[in-house]
Undergrad: 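Let me give you the structure first, and then I'll get to my questions.
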Amino acid sequence: MELSPRYNPATVEDKWYQIWRERGYFRPRPRSDQPTFSIVMPPPNVTGVLHLGHALNTTWQDILIRYHRMRQEPTLWVPGTDHAGIHTQMKVEELLRSRGVDRRQMGRDAFVAEVWRWKEQYGGRILEQIAKLGASVDWDRLRFTLDEGLSRAVTEVFVRLYEEGLIYRGHYITNWCVTCGTALSDIEVEHRDETGTLTSIRYPLASGDGAVVVATTRPETLLGDTAVAVHPDDPRYRHLIGQTVIVPLVGRAVPIIADTYVDPDFGSGAVKVTPAHDPNDFQMGQRHQLPTIAVIGEDGRMTAEAGAYQGLTREAARVRVLEDLKAEGLVVSEEPIDHAVGHCEKCDSVIEPLVSLQWFVKVQPLAEPAIEAVKTGAVRFVPERFEKIYMNWMENIHDWCISRQIWWGHRIPAYYCQVCGNMVVSRTAVTECPVCQGPMEQDPDVLDTWFSSALWPFSTLGWPDATDDLREFYPTSVLSTGYDIIFFWVSRMLMQGIHFTGQKPFTTVLLHGLVRDAQGRKMSKSLGNGVDPLEVINKYGADALRIALVLGSAPGNDYRWSWERFEAGSHFANKVYNAMRFVLMNWDGAHIPENTPVSNYPVDQWIWSRLNKTIRVITDALDHFEFGLAAKAIYDFFWDDYCDWYIEMTKVRLKGADRERALANLVMVGRRALQLLHPFMPFVTEELYQALGPQEESIMISEWPAPQRERESQEAARDVETVQAFIRTVRNLRAEIRIAPQAQVPVVAIADDRDVLQVWTMLAPEIEWLLKAKPLTLMQKGGDAPTRTIVGMTNGGVVHIPLEGLVDVEKERERLAALKAETLAERQRVRARLADAKFLQRAPEAVVLETQKRLEELDARIRRLSEREATLT
RNA sequence: GGGCGGAUAGCUCAGUGGUAGAGCACCUGCCUUACAAGCAGGGGGUCACAGGUUCGAACCCUGUUUCGCCCA
């Protein structure tokens with residue numbers, strides 16, 4: 001077989017992805033009584049472009065999916081995209097604006113049609129990118145949150161919640177984005193500390209008898225003040241409660257009220273109350289039946305209620321109000337203050353709390369079972385610590401504002417009579433008022449995008465219909481996502497899933513961290529510190545990207561990307577490729593059946609021991625979502641054990657009579673190594689597995705390897721380790737005296753006893769081969785020790801490299817002395833430990849035995865060193 | 001203010017009661033025909049600090065410092 005010495009991922013990856021897809025491997029195998037394994041992919045935004053965070057998450061999921069598929073479980077991974085309401089609308093609006101078109105001119109229907117056109121054209125991009133990663137998703141089950149079926153689920157949920165009294169409509173204060181022109185939920189607001197000015201303003205008492213000073217960071221809202229509040233127990237103000245003050249500039253007489261919300265230690269201990277523009281003031285307003293006067297409008301400008309200030313932006317109004325207050329001598333003080341300011345998650349403008357008519361979900365009744373599910377362990381977070389974060393949030397949850405004043409999304413299924421105002425919430429369109437037969441119009445608002453995402457685990461499987469998919473694959477097994485959307489998404493899926501299906505939507509919540517740059521900064525467009533995964537794939541291949549993302553990643557931990565990591569990944573892909581290329585160059589292609597007789601050759605038994613252990617480690621790690629550990633285990637096995645030792649040791653047998661047996665084991669172990677590696681690096685492993693004469697049509701559907709104890713031997717493993725130590729010792733000596741690796745050199749080794757000699761002798765061909773040791777003389781202690789040599793200590797004996805005429809006796813003596821000092825120091829430590837009665841008494845027997853063995857070896861080494869020193873001439 | 005996480009080799013990070021690890025970087029020698037995207041060898045760490053528990057602590061507990069995140 002002709003193979004290039006360099007692995008070229010580009011020629012391999014697309015080919016295999018297409019074949020897998022055509023052959024239907026991504027679809028779940030037919031039903032059986034076996035438990036199924038299923039994941040619904042977190043739907044990326046249709047506007048999205050793949051970034052490293054997606055790549056990491058997709059890789060993790062694909063690893064799990066491929067692993068479970070190889071375990072022969074019916075396995076399903078559902079792909080899809082999210083319509084991403086505000087986000088997509090903004091994007092298309094921007095596009096239209098560049099063409100000089102405003103959406104309001106177009107009208108709703110034309111605009112929505114435009115967004116659909118955009119979606120059809122670009123919405124599939126991110127899916128193609130996910131395919132490039134090798135994601136083995138079932139494309140036949142591709143879903144979109146605005147699909148007909150999913151929209152039906154959304155309507156059904158809305159109507160049912162409404163009927164159950166868990167959805168209501170009303171005038172409440174909500175977070176309003178003046179730029180996006182819509183209400184937002186609490187979690188869509190990002191609070192950031194900013195330095196503002198705390199202005200203390202004097203409000204004269206109506207009695208003319210003095211004044212009350214209040215402090216505020218938003219003087220412009222004073223125009224809408226309808227009270228001043230103090231703490232009921234504050235002795236400074238107790239006598240004023242119930243009195244009236246005059247709001248400056250507007251001259252409005254408002255009461256002084258008592259409310260425990262007021263913090264007596266903040267500012268003057270008295271606060272102005274603006275129910276229309278502050279959530280806490282709104283609450284106080286409700287408690288005290290205060291009027292609500294909106295002085296700031298939905299466009300962020302002052303309303304008619306603001307009188308002379310009407311039409312000014314809120315920022316300009318702040319300046320003017322301050323000027324006017326100063327002119328009247330009412331400003332007592334101004335001092336800088338750090339305080340949290342809310343910003344729109346999407347557009348970053350400062351959020352304006354406003355009172356408006358919105359739809360809300362009453363969350364608490366839904367939250368309770370969702371809390372319970374995590375408490376009882378029915379749903380588990382990985383890593384566990386996020387359960388606390390989830391609980392904390394859920395136990396303090398607020399009602400959820402779900403209406404958005406935009407056009408792209410699921411329209412609220414509420415209809416209003418244009419004549420009598422009657423409202424109907426309905427699964428189907430209502431055109432005629434059931435009360436007065438007047439014309440009905442649907443609510444213009446759409447639902448929060450997360451409302452539909454919350455249904456994703458069951459809506460994608462066909463709910464509300466009782467489909468086979470639901471029966472078979474719901475609850476899903478794992479939900480893998482970033483810890484940053486636990487509140488937005490995970491909590492809501494749990495609530496809705498349990499409420500509507502009676503079952504948890506998933507068993508495990510697997511959380512990955514943020515992907516950051518090498519300096520630990522978040523990736524952002526403005527910093528330009530991100531990297532396009534496609535660029536990495538083009539440069540190094542998807543396999544390299546995947547293994548680099550997984551090596552050293554752990555649930556919940558942030559990941560720092562760097563080109564070096566990707567490069568290391570591509571080196572490994574190349575290593576794997578070349579190892580198999582070596583096997584293929586030697587192998588004539590003859591069938592090597594899986595029931596090939598067990599080899600009793602120690603090196604073969606050793607590699608099987610290593611392989612079996614690796615299988616156990618990887619399997620256990622994957623079962624516990626320890627991707628980094630699993631990847632490390634196969635990486636180390638492949639590179640260190642299989643390549644650096646097994647292949648190298650096997651080369652000598654490939655030249656001799658034992659060639660067939662060596663090859664058979666090379667191939668069999670190689671196949672299994674590829675299988676273990678397949679979930680991590682699907683493409684290169686398939687390419688090579690096919691070349692190695694597969695037992696199955698594809699590695700993807702081959703059976704996950706099980707340890708084969710009959711092929712391993714603990715004794716052989718120990719013997720090979722003894723020889724490895726021998727080889728390392730000699731290599732060390734050779735390096736020290738600068739003997740070129742390919743230069744032949746005589747080696748004389750003296751074993752302490754017959755057992756050691758036997759082990760060495762048994763593997764003499766490998767020793768000779770790997771060390772270029774010629775002649776290799778193995779003997780037992782007692783004969784004539786060679787002179788004029790340099791020596792090294794190894795387990796059970798001493799090795800000599802004779803250097804007739806080249807040995808500097810003085811230098812060698814120094815070297816030996818240093819070595820001996822080191823060994824003595826170590827023996828001292830080990831002896832001290834063994835002299836401790838408590839250690840002997842309390843440490844596990846195995847540890848004690850190991851320590852004793854170690855002391856014996858150290859004793860032996862010191863003996864050998866002394867003997868050598870004595871004979872050095 | 002409350003909570004969470006990190007602090008381990010020059011850099012990025014694994015490890016998690018029993019002799020400190022990897023990748024990259026560095027030094028030395030090698031194109032030893034699978035791989036120079038490689039091989040062999042090497043240097044480099046009071047595992048943030050202080051106490052405690054333990055026969056034994058990088059690992060468990062307490063506190064401190066410091067960086068970061070989330071919530072209010």
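Each chain gets a letter, A, B and so on, in the order its sequence line appears, and its residues count up from 1.
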Undergrad: So, does the side chain of A/Lys388 form a donor-acceptor pair with the base of B/C4 at under 3.5 Å?
TA: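 No.
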
Undergrad: A/Glu736 has an atom CD; how far is it from atom P of B/G42, in whole Å?
TA: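 For the pair A/Glu736 CD and B/G42 P, the rounded distance is 9 Å.
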
Undergrad: Can you tell me the distance, in whole Å, between the CZ atom of A/Phe386 and the C1' atom of B/C4?
TA: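 Roughly 8 Å, once rounded to whole Å.
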
Undergrad: Contact class for A/Arg829 vs. all strands (heavy atom < 4.0 Å): base, sugar-phosphate, or nothing?
TA: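 Nothing, no heavy atom under 4.0 Å.
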
Undergrad: Return one dot-bracket line describing RNA chain B 5' to 3' (Watson-Crick or G-U wobble pairs, both distances under 3.5 Å; ( ) same strand, [ ] crossing, | another strand, . none).
TA: ((((((((.[[[[.)..(..]]]].(((((.......))))).....[[[[[..)....]]]]]))))))).

Undergrad: Where the side chain of A/Glu626 is defined as all heavy atoms beyond and including C-beta, which of B/G42, B/G15, B/A34 is the nearest nucleotide?
TA: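 Side chain of A/Glu626 sits closest to B/G15.
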
Undergrad: Please tell me which of the listed nucleotides, B/A37, B/A34, B/C24, lies nearest to the side chain of A/Lys575?
TA: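 Nearest listed nucleotide: B/A34.
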
Undergrad: Report yes if at least one side-chain N or O of A/Arg560 is closer than 4.0 Å to OP1 or OP2 of B/C13; otherwise report no.
TA: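 Yes, such a contact exists.
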
Undergrad: Using the ring of each side chain (for Trp, its six-membered ring), is A/Phe566 parallel, tilted or perpendicular to A/Trp561, with breaks at 30° and 60°?
TA: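 Geometry flag for A/Trp561 against A/Phe566: parallel rings.
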
Undergrad: For the CZ atom of A/Arg218 and the CG atom of A/Asp278, what is their distance to the nearest 0.5 Å?
TA: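 If we round to the nearest 0.5 Å, A/Arg218:CZ and A/Asp278:CG are 8.0 Å apart.
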
Undergrad: Can you check the distance between B/C35 and B/U19, where both ends of the measurement are the C1' atom (answer in whole Å)?
TA: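 About 34 Å, rounded to a whole number of Å.
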
Undergrad: Please state how far atom CG in A/Leu551 lies from atom C1' in B/A14, giving the value in whole angstrom units.
TA: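 In whole Å, B/A14 C1' and A/Leu551 CG are 10 Å from each other.
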
Undergrad: Both A/Val847 and A/Asp836 contact RNA chain B. Which one's nearest nucleotide lies toward the 5' end?
TA: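 Going by which nucleotide is closer to the 5' end, it is A/Val847.
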
Undergrad: Below the 4.0 Å mark, does B/A22 have OP1 or OP2 next to a side-chain nitrogen or oxygen of A/Lys632?
TA: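 Answer no for this pair, as no side-chain N or O of A/Lys632 is under 4.0 Å from OP1 or OP2.
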
Undergrad: Select base, sugar-phosphate, or nothing to describe what A/Asp644 touches, counting heavy atoms under 4.0 Å on all strands.
TA: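 Since only primed, P, OP1 and OP2 atoms lie under 4.0 Å of A/Asp644, the category is sugar-phosphate.
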
Undergrad: Is there side-chain contact between A/Val791 and A/Glu812, with heavy atoms separated by less than 4.5 Å?
TA: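 Heavy-atom side-chain distance check passes, below 4.5 Å.
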
Undergrad: If you compare every side-chain N and O of A/Trp393 against the phosphate oxygens of B/C4 (OP1, OP2), does one of them come in below 4.0 Å?
TA: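 Indeed not, no polar side-chain atom of A/Trp393 lies that close.
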
Undergrad: Assess whether one donor atom and one acceptor atom, taken from the side chain of A/Arg6 and the base of B/A37, lie less than 3.5 Å apart.
TA: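 Indeed there is one.
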
Undergrad: Rounded to the nearest Å, what distance is computed from the CZ atom of residue A/Phe839 to the C1' atom of nucleotide B/G18?
TA: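 Distance check: A/Phe839 CZ to B/G18 C1' gives 7 Å.
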
Undergrad: Just to be sure I understand the rule, does A/Ala843 reach a base, reach only the sugar-phosphate, or reach nothing, if contact means heavy atoms closer than 4.0 Å?
TA: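 Touches a base.
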
Undergrad: Could you tell me whether the phosphate oxygens of B/G23, OP1 or OP2, come under 4.0 Å of any side-chain nitrogen or oxygen in A/Arg565?
TA: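 For A/Arg565, the contact criterion (side-chain N or O under 4.0 Å from OP1 or OP2 of B/G23) is not met.
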
Undergrad: Locate the shortest heavy-atom distance separating A/Leu184 from A/Cys344; write the atom from each residue and the value.
TA: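 Here A/Leu184 and A/Cys344 meet closest at CD1-SG, 3.9 Å.
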
Undergrad: Between B/C13 and B/A20, how far apart are the C1' atoms? Round to whole Å, please.
TA: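 B/A20 and B/C13 have their C1' atoms separated by 15 Å.
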
Undergrad: Looking at every strand, decide which applies to A/Asn732 at a 4.0 Å heavy-atom threshold: base, sugar-phosphate, or nothing.
TA: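 Since only primed, P, OP1 and OP2 atoms lie under 4.0 Å of A/Asn732, the category is sugar-phosphate.
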
Undergrad: To the nearest 0.5 Å, what is the distance between CG (A/Leu763) and CD (A/Gln724)?
TA: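 CD of A/Gln724 is found 10.0 Å from CG of A/Leu763.
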
Undergrad: Are A/Arg565 and A/Tyr559 close enough that a side-chain donor and a side-chain acceptor fall under 3.5 Å?
TA: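 Yes, side-chain donor-acceptor contact under 3.5 Å.
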
Undergrad: Considering all heavy atoms of both residues, which atom of A/Gly556 and which atom of A/Phe386 are nearest to each other, and what is their separation?
TA: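 That would be CA-CE1, 4.0 Å.
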
Undergrad: If the P atom of B/G45 is compared with that of B/G21, how far apart are they to the nearest Å?
TA: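 These two P atoms come out 14 Å apart once rounded.
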
Undergrad: B/G1 P sits how many Å from A/His191 NE2, rounded?
TA: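 Spelled out: NE2 on A/His191 to P on B/G1 is 19 Å.
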
Undergrad: State which of B/U16, B/G41, B/C71 makes the closest approach to the side chain of A/Leu629.
TA: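 Comparing B/U16, B/G41, B/C71 against the side chain of A/Leu629, the answer is B/U16.
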
Undergrad: Whole angstrom is fine here: how far is it from CG in A/Leu834 over to P in B/U19?
TA: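 A/Leu834 atom CG is separated from B/U19 atom P by 14 Å.
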
Undergrad: Hey, does A/Glu648 reach any base, or is it just sugar-phosphate, or nothing, if we go heavy atoms under 4.0 Å?
TA: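 Base contact.
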
Undergrad: Using the P atoms only, state how far B/G41 lies from B/C49, rounded to an integer number of Å.
TA: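 The same atom, P, in both gives a distance of 32 Å.
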
Undergrad: For residues A/Tyr261 and A/Asn280, is any side-chain donor paired with an opposing acceptor at under 3.5 Å?
TA: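 Yes, side-chain donor-acceptor contact under 3.5 Å.
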
Undergrad: Distance from A/Met793 atom CE to A/Leu733 atom CG, nearest 0.5 Å?
TA: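 Interatomic distance, A/Met793 CE to A/Leu733 CG, rounded to 0.5 Å: 9.0 Å.
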
Undergrad: Contact class for A/Trp563 vs. all strands (heavy atom < 4.0 Å): base, sugar-phosphate, or nothing?
TA: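 Nothing, no nucleic acid heavy atom in range.
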
Undergrad: Side chain of A/Trp639 only, please: which of B/A37, B/G5, B/C39 is the nearest?
TA: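 The answer is B/C39.
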
Undergrad: Taking only the C1' atom of each, what is the distance from B/U32 to B/A40 in whole angstrom?
TA: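 Straight-line distance between the two C1' atoms is 10 Å.
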
Undergrad: Identify which nucleotide among B/A34, B/A37, B/C4 has an atom closest to any side-chain atom of A/Ile389, counting heavy atoms from C-beta outward.
TA: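 For A/Ile389, the side-chain atoms sit closest to B/C4.
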
Undergrad: Assuming nearest nucleotide by heavy-atom distance, tell me which of A/Tyr7 and A/Trp645 is located more 5' along RNA chain B.
TA: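 It is A/Tyr7, whose closest nucleotide lies nearer the 5' terminus.
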
Undergrad: What does A/Arg833 touch in the nucleic acid at a heavy-atom separation under 4.0 angstrom: a base, only the sugar-phosphate, or nothing?
TA: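 Nothing: the residue A/Arg833, judged by heavy atoms under 4.0 Å, touches no strand.
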
Undergrad: Please give, in whole Å, the distance from B/C35 P to A/Leu584 CG?
TA: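 Interatomic distance, CG of A/Leu584 to P of B/C35: 14 Å.
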
Undergrad: Can you identify which nucleotide, out of B/A34, B/G15, B/C24, has its nearest atom closest to the A/His571 side chain?
TA: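 The closest nucleotide is B/C24.
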
Undergrad: Give me the ring orientation class for A/Trp393 and A/Phe487: parallel if the planes are under 30° apart, tilted from 30 to 60°, perpendicular past 60°.
TA: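 Geometry flag for A/Phe487 against A/Trp393: parallel rings.
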
Undergrad: Say we look at B/G6 and B/C60: how far apart would their P atoms be, to the nearest angstrom?
TA: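 Per the computed distance, 9 Å lies between those P atoms.
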
Undergrad: Which one, B/C70, B/C4, B/C35, comes nearest to the side chain of A/Asn574?
TA: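 Nearest nucleotide to the side chain: B/C35.
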
Undergrad: Heavy atoms under 4.0 Å, any strand shown: does A/Asn557 hit a base, just sugar-phosphate, or nothing?
TA: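 Sugar-phosphate, backbone atoms only, no base.
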
Undergrad: Is a side-chain donor-acceptor pair under 3.5 Å present for A/His343 with A/Arg192?
TA: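 Yes, because at least one side-chain N or O of A/Arg192 sits under 3.5 Å from a partner of the opposite role on A/His343.
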
Undergrad: Suppose you measure atom P in B/C59 against the same atom in B/G1; what distance do you get, rounded to whole Å?
TA: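 Between the two P atoms, the distance is 29 Å.
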
Undergrad: To the nearest Å, how far apart are A/Asp484 CG and B/G68 P?
TA: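 After rounding, the gap between these two atoms is 19 Å.
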
Undergrad: Considering only the C1' atoms, how many Å lie between B/G38 and B/A34, rounded to the nearest integer?
TA: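 It works out to 10 Å between them.
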
